[in-house]
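Data first, discussion second: the structure below is written as C-alpha cells.
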Amino acid sequence: MRGPAGFFLCSLLLVAPHCTEVAAQEVQPDPKTPCANWMGGAPGYPGHNGLPGRDGKDGKDGQKGEKGEEGVQGPKGDQGEIGVLGREGPRGFPGYPGQKGEKGEGAFVYRSAFSVGLTERAPHPNVPIRFSKIFYNEQSHYDASTGKFLCSIPGMYYFAYHLTVYLTDVKVSLYKKDKAVIFTYDQFQKNNVDQASGSVLLHLSTGDEVWLQVYGEGDNNGVYADNINDSTFMGFLLYPDLDVN
C-alpha cells in the first residue's frame, strides 16, 4: 500500500505500543474483571442461594468403643406388680423329725360295761335273776344284789345273755323299765344239756334299769349253772349321747 493511506497506517502501528505502555504505567486493571479497566462493566448483584443437596447414604458402623466407667447407683424404684404364679417346683426331701411335743390333757372316756354269771340253780320266776358271779364290773353299774344294770351314762348299749338249759324248759325275757323287750324260749330235751341265748341294742337314759328274768310258772325256769356249765349276762356302752353329757 502506497500513498497517504499507507503512511497513516504505519503511523498508527508505531504509536499504539507507546500508548499501551503509558496506560499500563498509569492505571492497573481490576483483577476481578477479565478485561482492562477501561473495558469492564459495573459489578453485578450477588446471586440467590441454591437448593439444598440430597441426603447422603448412611455410613458404615464404626468400631465398638471401649466400655465406659460404671455410673453412680440410682435411687430404688417403686415396687412392681405381683407377677403370675409360676409352676410348682419339684418336691423336696422329707425334713428331719421335730422334737416331741408336750403331753396334752387327756380326753374324758365314757365307760360302762359288765359281765356276770349265775351261781344258783333254777332261779325264781317273775323276778330279776341275780347273777352273782362277777367277771367284770369295774364301774359298778351292775348291782349283784338286785340283778339289775343301772344306766349312768345315756347312750346306745348292747346286751346279751347265754343260758345253759337243764332239767326243764326255759322262758326268759329281757326287761327295760318294767317292760319286756325280747323273749327267748327253749324246750328242754331229756338226757341233754341245751343252750338259750339272745341279744339286743337299746338306747338308755340316765336312771334306766335293765335285767333278765324268768316268766311264766315254775316249770319254765330251767336256767342252770354248775362248776362246768355257765349261764351269763353282759352289757356295755357302744357310744354315749355327747349332747347330753
Side-chain angles (χ1 to χ4, degrees), residues 106-245:
F108 182 78
V109 179
Y110 297 92
R111 295 176 179 174
S112 180
F114 73 96
S115 179
V116 293
L118 187 67
T119 56
E120 61 183 10
R121 302 179 183 179
H124 298 286
N126 301 315
V127 294
I129 301 175
R130 293 185 298 174
F131 294 87
S132 55
K133 183 187 293 186
I134 306 300
F135 299 113
Y136 179 86
N137 190 29
E138 184 174 341
Q139 295 81 33
S140 299
H141 293 168
Y142 172 80
D143 188 354
S145 63
T146 62
K148 295 182 179 181
F149 169 80
L150 178 63
C151 176
S152 298
I153 303 173
M156 186 64 69
Y157 286 80
Y158 174 78
F159 293 95
Y161 51 88
H162 302 277
L163 308 176
T164 299
V165 180
Y166 186 57
L167 298 178
T168 185
D169 297 346
V170 165
K171 291 182 180 180
V172 296
S173 58
L174 186 139
Y175 278 77
K176 170 190 172 184
K177 296 175 59 176
D178 296 326
K179 182 178 181 180
V181 178
I182 60 174
F183 298 89
T184 299
Y185 171 71
D186 184 82
Q187 187 175 16
F188 173 70
Q189 304 293 329
K190 292 182 179 181
N191 300 323
N192 195 7
V193 176
D194 207 352
Q195 297 287 328
S197 61
S199 60
V200 66
L201 282 174
L202 293 176
H203 181 272
L204 301 182
S205 300
T206 303
D208 288 348
E209 292 180 323
V210 176
W211 68 91
L212 198 68
Q213 76 178 36
V214 174
Y215 69 92
E217 301 301 327
D219 56 351
N220 293 322
N221 61 346
V223 180
Y224 181 82
D226 57 22
N227 58 344
I228 58 174
N229 294 282
D230 282 305
S231 292
T232 62
F233 179 39
M234 62 170 291
F236 57 85
L237 174 67
L238 286 177
Y239 52 87
D241 293 341
L242 296 180
D243 56 339
V244 176
N245 286 278

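Side-chain atoms are counted along with the backbone in the values below, which use heavy atoms only and exclude waters and symmetry mates.
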Q.
Determine whether Phe131 and Tyr142 satisfy the following criterion, ring-ring contact (aromatic ring centres under 6.0 Å, His included), listing intermediate values before the conclusion.
A. CA-CA 10 Å; Phe131 294 87; Tyr142 172 80; 7.3 Å; no
Between [X] and [Y]: side-chain donor-acceptor atoms closer than 3.5 Å:
X      : Y      : answer
Tyr161 : Thr184 : yes
His141 : Ser112 : yes
Asp143 : Ser145 : yes
Trp211 : Gln213 : yes
His203 : Asp208 : no

Do [X] and [Y] come within less than 4.5 Å of each other through their side chains, counting heavy atoms only?
X      : Y      : answer
Ile134 : Ser132 : no
Tyr185 : Asp169 : yes
Phe236 : Phe114 : no
Val214 : Ile129 : yes
Tyr175 : Val210 : no

To the nearest 0.5 Å, how far apart are [atom1] in [X] and [atom2] in [Y]?
X      : Y      : atom1 : atom2 : result
Leu174 : Lys179 : CG    : NZ    : 13.0 Å
Tyr158 : Leu201 : OH    : CG    : 7.5 Å
Leu202 : Met156 : CG    : CE    : 8.0 Å

Q: Would you please name every residue forming a side-chain hydrogen bond (donor to acceptor under 3.5 Å, both in side chains) with Tyr157, sequence neighbours left out?
A: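 With sequence neighbours excluded, Tyr157 shows a side-chain hydrogen bond (donor to acceptor under 3.5 Å, both in side chains) to no residue whatsoever.
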Q: Give the intermediate values and the outcome of side chain to side chain contact (heavy atoms under 4.5 Å, CB included) for residues Asn220 and Val170.
A: CA-CA 5 Å; Asn220 293 322; Val170 165; over 6 Å; no
Treating [X] as the side-chain partner and [Y] as the backbone partner, does any N or O pair qualify as donor plus acceptor under 3.5 Å?
X      : Y      : answer
Asp226 : Ile228 : yes
Asn221 : Pro123 : yes
Gln189 : Asp194 : no

Q | Worked verdict on Asp230 versus Lys133 for salt bridge (Lys or Arg N to Asp or Glu O under 4.0 Å) | A | CA-CA 10 Å; Asp230 282 305; Lys133 183 187 293 186; 3.0 Å; yes
Q. Between Tyr166 and Asn192, what is the shortest heavy-atom contact and its length?
A.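 So the minimum-distance heavy-atom pair works out to CD1-O, 3.8 Å.
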Q: Grab the two heavy atoms, one from Tyr110 and one from Pro240, that are nearest each other, plus how far apart they are.
A: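 Result for this residue pair: CD1-CG, 3.6 Å.
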**Q.** Residue from Leu237, Thr206, Leu204 passing side chain to side chain contact (heavy atoms under 4.5 Å, CB included) with Ile153
**A.**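 It is Leu237; the other options fail the test.
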Q) Only one of Thr119, Leu212, Thr164 forms a side chain to side chain contact (heavy atoms under 4.5 Å, CB included) with Ser231, so which one is it? A) Thr164
Q | Test log, rule ring-ring contact (aromatic ring centres under 6.0 Å, His included), inputs Phe149 and Phe233 | A | CA-CA 10 Å; Phe149 169 80; Phe233 179 39; 8.5 Å; no
Q. Under the side chain to side chain contact (heavy atoms under 4.5 Å, CB included) criterion, do Tyr215 and Phe183 qualify, and how do the steps go?
A. CA-CA 9 Å; Tyr215 69 92; Phe183 298 89; 3.7 Å; yes
(Q) Would Val223 and Leu118 count as a side chain to side chain contact (heavy atoms under 4.5 Å, CB included) here? Give the steps. (A) CA-CA 9 Å; Val223 180; Leu118 187 67; 3.6 Å; yes
Q: Could I get the full list of side chain to side chain contact (heavy atoms under 4.5 Å, CB included) partners for Ser115, not counting sequence neighbours?
A: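 Ser115 satisfies side chain to side chain contact (heavy atoms under 4.5 Å, CB included) with Phe135, Tyr136, Met234 once adjacent residues are dropped.
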Q.
Could you walk me through whether Lys177 and Glu209 satisfy the side chain to side chain contact (heavy atoms under 4.5 Å, CB included) test, starting with their C-alpha distance in whole Å, then the side-chain angles of each, then the deciding distance to 0.1 Å, before giving a yes or no?
A. CA-CA 6 Å; Lys177 296 175 59 176; Glu209 292 180 323; 5.9 Å; no
